[in-house]
Enquirer: 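Submitted below is the structure of interest, expressed as structure tokens.
Because the structure is predicted, anything quoted here is derived from the model rather than measured. Just so you know, these numbers use all the heavy atoms, side chains as well, and skip hydrogens, waters and symmetry mates. Letters go in sequence order (proteins before strands), and every chain restarts at 1.
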There are 2 protein chains.
Amino acid sequence: MFSKACVYGLRAALYVATLDKQAFVPIKTISDHLDISFHFLTKILQTLTQHHIMLSYRGPNGGIALARPAEQINAIQIVEAIDGTRLFSDCILDLPGCGTQRPCPMHEQWSRIRSEMKHLLETTTLAGLSERISQFDLRITADEGGLNSPGG
Amino acid sequence: MFSKACVYGLRAALYVATLDKQAFVPIKTISDHLDISFHFLTKILQTLTQHHIMLSYRGPNGGIALARPAEQINAIQIVEAIDGTRLFSDCILDLPGCGTQRPCPMHEQWSRIRSEMKHLLETTTLAGLSERISQFDLRITADEGGLNSPGG
DNA sequence: CCATTTAAAGACTAAATACTCTTAAATCTT
DNA sequence: AAGATTTAAGAGTATTTAGTCTTTAAATGG
Ligand code: SF4
Ligand code: SF4
């Protein structure tokens, strides 16, 4: 469905959003918390900075940060930056040149689901997600935090 | 989303369903009509016969056929035979051990779409699809047939 | 200026996916 | 029995995806 790179990118961006600091967060910090390969994550985040979704800064106290408020970053921007738009054009029977004009027999129902998916990604902002995280004590890290957080 | 093998498998099975002959159809015939590599399609259909979705017969007048009436073969059987069930468990943030118990912030909306997708595949039979093909003059082959079929 | 910290860039390796090719086995026709 | 037709099986290759490692460049602080 989504590539690993895409999933990691989403998780990393969301993690940064939950910190809502002004400061840059080192990629190492993120990769440690999310249990993602540091070097792989570095490449993924490079893509996101190239797409102006994140900012980076080198040197001590450097790292990465959101390029704009979390309200203005939605999931589809990240997905499309990393995986392209193929997800919303590729399809279940994948006939050459198919589409609304020359639909295969699954087109109608399938494209409905596809656009629901797209709509979800379009309306899901990092702000919305991170708000829900704190509101419902959800978790995004690989560790044991979240619902039943450790008491000590 | 779906692997190539899965898409090819669906197309091939649907093609056989539209012929609704009692006879076995040679894989070569299918691969020619659908413009799929013969050898690759052979392997895919082997998987489907191993999963008792199709029958095969060797030698002259041999080929493959549906293992049961097209009404009793639905898309999800083919998808799961070829791609496994990973599609309905893997997910957008793919956290270790996540799920209804320990959901990520996208779980609720995402799992709704996921089950819609599953439901669609469960309720889509080869019979239904092939009926729609003839009813609306849709096309599944790679050639120029279908809506504006060649006049000569 | 030098050492340290950090991301950027790119070469490299590993694994999964998507094919291709060869050989074997079953079946039919003659 | 011989030869043709067709799937089965499995080895082999190519491409893509995933991940590692090394080197370079930018920034900071002493
Ligand atoms: S559902 Fe639509 S886009 Fe997808 S394969 Fe069928 S015709 Fe093409
Ligand atoms: S939507 Fe559900 S299944 Fe998917 S990553 Fe989130 S918690 Fe896991």
Enquirer: Counting only non-hydrogen atoms, which of residues 42-54 of chain A are less than 4.0 Å from DNA chain C?
Expert: A:K43, A:Q46, A:T49, A:Q50
Enquirer: Within a 6.0 Å radius of atom CG on A:D90, are there more than 12 heavy atoms belonging to other residues, nucleotides or ligands?
Expert: yes
Enquirer: Please walk me through it: do B:Y8 and A:D94 pass side chain to side chain contact (heavy atoms under 4.5 Å, CB included)?
Expert: CA-CA 9 Å; B:Y8 293 167; A:D94 196 24; over 6 Å; no
Enquirer: If you find the nucleotide of DNA chain D closest to A:Y57 and the one closest to A:F40, which residue's nucleotide is nearer the 5' end?
Expert: A:F40
Enquirer: Round to a whole Å and report the spacing from CD1 of A:I64 to P of D:dA27.
Expert: 17 Å
Enquirer: Between A:R11 (CZ) and D:dA18 (P), how many Å, whole number?
Expert: 14 Å
Enquirer: How many Å lie between CG on A:L55 and C1' on D:dA27, as a whole number?
Expert: 16 Å
Enquirer: Measure from CZ on A:F24 to C1' on D:dA26 and round the result to the nearest Å.
Expert: 13 Å
Enquirer: Donor-acceptor pair, distance only, cut-off 3.5 Å: does the side chain of A:H51 make one with the backbone of A:T47?
Expert: yes
Enquirer: Can a donor-acceptor pair be found, under 3.5 Å and without considering hydrogens, that links the side chain of A:D83 to the backbone of A:F2?
Expert: no
Enquirer: Between atom NZ in B:K4 and atom C1' in D:dT17, what is the gap in whole Å?
Expert: 15 Å
Enquirer: Taking atom CD as the centre, does B:E108 end up with more than 12 heavy-atom neighbours from other residues, nucleotides or ligands that are less than 6.0 angstrom away?
Expert: no
Enquirer: At the 4.0 Å heavy-atom cut-off to chain B, mark where contacts on DNA chain C begin and end, going 5' to 3'.
Expert: C:dA18 to C:dT29
Enquirer: So, OP1 or OP2 of D:dA18: does either fall under 4.0 Å of a side-chain N or O from A:Y8?
Expert: no
Enquirer: Find the distance A:R86:CZ to D:dT16:P and express it as a whole number of Å.
Expert: 13 Å
Enquirer: Using whole Å, report how far NE2 of B:H39 lies from C1' of D:dT13.
Expert: 14 Å
Enquirer: Which value, rounded to the nearest 0.5 Å, describes the distance between A:E131 atom CD and A:E71 atom CD?
Expert: 9.0 Å
Enquirer: Quick one: which of D:dA25, D:dT6, D:dC21 gets closest to the side chain of B:P26?
Expert: D:dT6
Enquirer: Go through the steps to decide whether B:I64 and B:L48 satisfy the test side chain to side chain contact (heavy atoms under 4.5 Å, CB included), and finish with yes or no.
Expert: CA-CA 10 Å; B:I64 64 151; B:L48 293 184; over 6 Å; no
Enquirer: Which residue lies toward the 5' end of DNA chain D, A:F38 or A:R58, if each is placed at its nearest nucleotide?
Expert: A:F38
Enquirer: Once you round it to whole Å, what is the distance between P of D:dT17 and CD1 of A:I36?
Expert: 19 Å
Enquirer: Assign each of B:N61 and B:F2 to its nearest nucleotide of DNA chain C by heavy atoms, then name whichever residue's nucleotide is nearer the 5' end.
Expert: B:F2
Enquirer: Checking B:Q77 side chain against B:N74 main chain: does a donor-acceptor pair fall under 3.5 Å?
Expert: yes
Enquirer: Return yes when atom CG of A:D35 has more than 12 non-hydrogen atoms of other residues, nucleotides or ligands closer than 6.0 Å, and no otherwise.
Expert: no
